[in-house]
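This is a predicted model, so every value here is computed, not measured.
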Amino acid sequence: MKQRIVFGLAAAFALLALVFWGNLLMMTFVVVSFAVFAYIEFDRLFFASSSKLRHLRMSFLVTLTILALIQNQMAGWIAVWLSFIFLCSWMVFQSNRSGEFAIDTKELALEFLGLVYVVGLFGFLIPIWSLGLGRYYLMLLFMMVFLGDTGAYFVGIRIGKHRLATKLSPKKSIEGAIAAVLFTTGGGMLYAYYFIPSPPEHQLIFKLMLFGPVLSLLAQLGDLFESMFKRSVSQKDSGHFLPGHGGLLDRIDGLAFAAPVYYLFLLFFAERVT
């Protein structure tokens, strides 16, 4: 537990420094690097044998898609579809050579799932950061997701009695899920009130009161989705990338569904973010 807390605090300070004092080049390098690590972690969960060629191929596609999303949403979608066409073409030639049609089709499905999943986790972070008040809004996203996760963990330990998803994640409770919604929403509203330097902050607080539960539920769904991954291959953790915390995917799984929807929330409902 001590190692978990110490590493968590150090990571939080590093994240704070990067978001508020980093430049676009630094942000891009860090986000793309972590995205590549996350895909390799995903790859190792599902593939019995490691393949440097597969890692290189998918790292390139992950990087390309995230860089395209930094430009604009249309470029990102084009990159996703071009990646899909590339992977399909690759597997067509591979299956024609090997004759292992079922195995190659499964590999194609897993690679494309890994690409979309990792892009969901990381691809919208820099677009959020690049908005007018993006540094504050990106920290708001991290804080809301991680506060919800923390609230669910501690409340679930203390008073959790009714199981939320017994087969996917036996320790999660309904009480913890409710606490996550309250911590996410309340923490987000307090952060917006005290830290976001914008005249229409009170309008944002009201909108966060409505959107906070949605974000929390999406983050919890992302957590359960990653649990499904691990259960499907009988693994407790996605990896050992973070000391005391398990794998990288174990710590950021809530962003997979929350980050893209949060970005849309900022674009269409939050005030003065462009």
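At a threshold of 4.5 Å between side-chain heavy atoms, the hydrophobic network of Ile, Leu, Val, Met, Phe, Trp and Tyr places Val92 and Ile103 in two separate groups. Linking Ile, Leu, Val, Met, Phe, Trp and Tyr residues whenever their side-chain heavy atoms come within less than 4.5 Å places Leu115 and Leu67 in a single cluster. Taking hydrophobic clusters as Ile, Leu, Val, Met, Phe, Trp and Tyr residues chained together by side-chain heavy-atom distances below 4.5 Å, Val181 does not share a cluster with Val155. Grouping the Ile, Leu, Val, Met, Phe, Trp and Tyr side chains by contacts below 4.5 angstrom, directly or via other members, places Tyr194 with Leu208. Residues Leu69 and Trp81 share a single hydrophobic cluster, defined by chaining ILVMFWY side chains whose heavy atoms lie under 4.5 Å apart.
Between Phe142 and Phe146, the ring-plane angle classifies as parallel under the 30° and 60° cut-offs.
Put simply, the side chain of Tyr262 reaches to within 4.5 Å of the side chain of Phe211, judged on heavy atoms. Looking at heavy atoms from C-beta onward, Phe183 lies out of side-chain contact with Thr150 at the 4.5 angstrom threshold. Between Gln220 and Lys172, every side-chain heavy-atom pair lies at or beyond the 4.5 Å cut-off. The shortest side-chain heavy-atom distance between Pro170 and Arg163 does not fall under the 4.5 Å cut-off. In this structure the side chain of Gln73 reaches within 4.5 angstrom of the side chain of Tyr263, judged on heavy atoms. No side-chain heavy atom of Phe195 sits less than 4.5 Å from a side-chain heavy atom of Met139. Side-chain atoms of Leu113 and Phe42, non-hydrogen and from C-beta on, do get closer than 4.5 Å to each other. Taking 4.5 Å as the limit, every side-chain heavy atom of Ser216 sits out of range of all side-chain heavy atoms of Thr185.
Taking each heavy atom of Ser98 and Asp104 in turn, the nearest pair found is OG-OD2, 2.9 Å. Closest approach of Ala38 to Phe122, counting heavy atoms only: CB-CE1, 3.6 Å. Residues Ala180 and Gly148 come closest through the heavy atom pair CB-O, 3.3 Å. Taking each heavy atom of Ile66 and Ala35 in turn, the nearest pair found is CD1-CB, 3.4 Å. The minimum heavy-atom distance between Leu168 and Ser227, with the atom names listed, is O-CB, 3.8 Å. Listed here is the closest heavy atom pair of Gly120 and Ala259: O-CB, 3.9 Å.
Under a 3.5 Å cut-off, the side chain of Ser232 and the backbone N or O of Phe229 do form a donor-acceptor pair. Side chain of Glu41 to backbone of Leu248: a donor-acceptor contact under 3.5 angstrom is found. A donor-acceptor contact shorter than 3.5 Å is absent between the side chain of Trp129 and the backbone of Leu138. For Thr63 (side chain) and Ser59 (main-chain N/O), a donor-acceptor pair under 3.5 Å exists by modelled atom type. No donor-acceptor pair under 3.5 Å is formed between the side chain of Gln71 and the backbone N or O of Gly76.
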Criterion side chain to side chain contact (heavy atoms under 4.5 Å, CB included) on Glu111 and Met91, from CA distance to verdict: CA-CA 11 Å; Glu111 288 184 5; Met91 288 305 170; 3.7 Å; yes

Check against side chain to side chain contact (heavy atoms under 4.5 Å, CB included), Ser83 and Thr65: CA-CA 8 Å; Ser83 298; Thr65 305; 3.7 Å; yes

CA sep, side-chain torsions, deciding dist, call: Phe225, Phe257, ring-ring contact (aromatic ring centres under 6.0 Å, His included): CA-CA 10 Å; Phe225 187 61; Phe257 301 152; 5.4 Å; yes

Pair Leu108-Trp90, side chain to side chain contact (heavy atoms under 4.5 Å, CB included): steps then yes or no: CA-CA 9 Å; Leu108 169 63; Trp90 183 286; over 6 Å; no

Candidate pair Leu266 and Leu133, rule side chain to side chain contact (heavy atoms under 4.5 Å, CB included), full reasoning: CA-CA 10 Å; Leu266 292 178; Leu133 293 171; over 6 Å; no

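Of the inter-residue distances, the one linking Arg44 atom CZ with His55 atom NE2 reads 6.0 Å to the nearest 0.5 angstrom. To the nearest 0.5 Å, atoms CG (Asp250) and CD (Gln235) are separated by 10.5 Å. The line from CD1 of Ile196 to CD1 of Ile205 is 8.5 Å long, rounded to the nearest 0.5 Å. The CG atom of Leu110 sits 9.0 Å away from atom CG of Asp43, with the distance rounded to the nearest 0.5 Å. The distance from atom CG of Leu224 to atom CZ of Arg231, rounded to the nearest 0.5 Å, is 11.0 Å. If you take CG on Leu16 and CZ on Arg135, they are separated by 11.5 Å, rounding to the nearest 0.5 Å.
Screening residues 15-37 for side-chain hydrogen bond (donor to acceptor under 3.5 Å, both in side chains), with sequence neighbours left out, gives no hits.
Aromatic ring centres of Phe84 and Phe112 lie closer together than 6.0 Å. Aromatic ring centroids of Tyr136 and Phe20 lie under 6.0 Å apart.
For the residue pair Tyr117 / Glu226, no side-chain donor-acceptor distance below 3.5 Å is found, with atom types taken as modelled.
Applying the 6.0 Å contact sphere to CZ of Phe86 captures more than 12 heavy atoms from other residues, nucleotides or ligands.
Contacts of Phe47 classified as ring-ring contact (aromatic ring centres under 6.0 Å, His included), with partners at least two apart in sequence or in another chain: none. In terms of the ring-ring contact (aromatic ring centres under 6.0 Å, His included) criterion, Trp77 has no residue partners (sequence neighbours excluded).
Each of Val214, Val145, Leu215, Leu147 was scored for a side-chain contact (heavy atoms from CB on, under 4.5 Å) with Thr184, with one residue passing: Leu215.
Under 4.0 Å is where a charged nitrogen must lie from a carboxylate oxygen, and between Glu107 and Arg57 at least one such pair does.
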